[in-house]
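Each chain gets a letter, A, B and so on, in the order its sequence line appears, and its residues count up from 1.
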Amino acid sequence: MNFWLFKSEPDAFSIDDLKQKKIEHWDGVRNYQARNYMRDEMKQGDLGFFYHSSCKQPGIVGIIKIKREAYADFTSWDPEGDYYDPKSSVDNPRWVMVDVQFVKKFKRVISLDELKQNRKLQYMQLLKKGNRLSIMPVHAEEWETILALL
DNA sequence: GCCAACGTTGGC
DNA sequence: GCCAACGTTGGC
């Protein structure tokens, strides 16, 4: 099983939104590296951290599970939508999404600062300078280390 | 709102 | 294929 980290701006889509919806498609990823992770490596049953970015308290807020593996991101076909990409077609979709299921919301936010303070997490992709990936893998040891913070 | 870092685009 | 210009991300 693989572990992942999903970033989202809580103003747009938060852990509470997912909790309410139970299952939701993770649309709008328009970065090739993030897409390739979803398309090539993400498997049903994989777990991921839900990370809130660009907000008052950036950090990890809960856990989600991959419910459906990668399929065409239909939001790329909607000319009226925010995620429209004219180079993506029904016959030849450029972008993919997965379905994720709410698993758990943590009682507290594991803040970005707390992650930075932890020596065991010093090589986490999330903490690399200038990191802008919205979906990234998390090593099993890092996953365990983070859960142990709770 | 600022700005560093990064990805993408497009002219050459 | 290079690289400058531009747009976006995301912490602060």
Listed nucleotide nearest any side-chain atom of Asn31(A), set dG11(C), dT9(B), dG7(B): dG7(B)
Qualifying residue, where the test is ring pair (Phe, Tyr, Trp, His ring centres under 6.0 Å) with Phe50(A) and the options are Phe106(A), Trp26(A), Phe102(A): Trp26(A)
Exceeds 12 heavy-atom contacts within 6.0 angstrom, atom CD of Gln117(A): yes
Nucleotide of dG7(B), dG10(C), dA5(B) approaching Gln33(A) most closely (side-chain heavy atoms): dG7(B)
Closest to side chain of Lys87(A), choosing from dT9(B), dG7(B), dC12(C): dT9(B)
Residues Asp73(A) and Thr75(A): side-chain donor-acceptor under 3.5 angstrom: yes
side-chain N/O Lys116(A) vs dC12(C) OP1/OP2, d < 4.0 Å: yes
Length of the line joining Asp82(A):CG and dT9(C):C1', which is rounded to integer Å: 16 Å
Distance in angstrom units between Asp113(A) CG and dG10(C) P, rounded: 18 Å
Residue of the set Phe13(A), Tyr71(A), Phe74(A) for which ring pair (Phe, Tyr, Trp, His ring centres under 6.0 Å) holds with His25(A): Phe74(A)
Nucleotide dT9(C), atom C1' - distance to NE2 of His52(A) in whole Å: 17 Å
Interatomic distance, Asn131(A) CG vs dG11(C) P [rounded to whole Å]: 9 Å
Which nucleotide in dG10(C), dT8(B), dC12(C) has an atom nearest any side-chain atom of Tyr32(A): dT8(B)
Nearest-angstrom distance from the residue atom CD of Gln57(A) to P of dC12(C): 12 Å
Rounded distance (Å) that lies between atom C1' of dG10(C) and atom NZ of Lys129(A): 14 Å
Short side-chain N/O contact from Lys7(A) to OP1 or OP2 of dG10(C), under 4.0 Å: yes
Full working for ring-ring contact (aromatic ring centres under 6.0 Å, His included) between Phe49(A) and Trp4(A): CA-CA 6 Å; Phe49(A) 286 129; Trp4(A) 303 97; over 10 Å; no
Short side-chain N/O contact from Tyr51(A) to OP1 or OP2 of dT9(C), under 4.0 Å: no
Gap between atoms CG and P, on Asp85(A) and dT8(C) respectively (whole Å): 14 Å
Separation of dG7(B) P from Asn36(A) CG (nearest whole Å): 13 Å
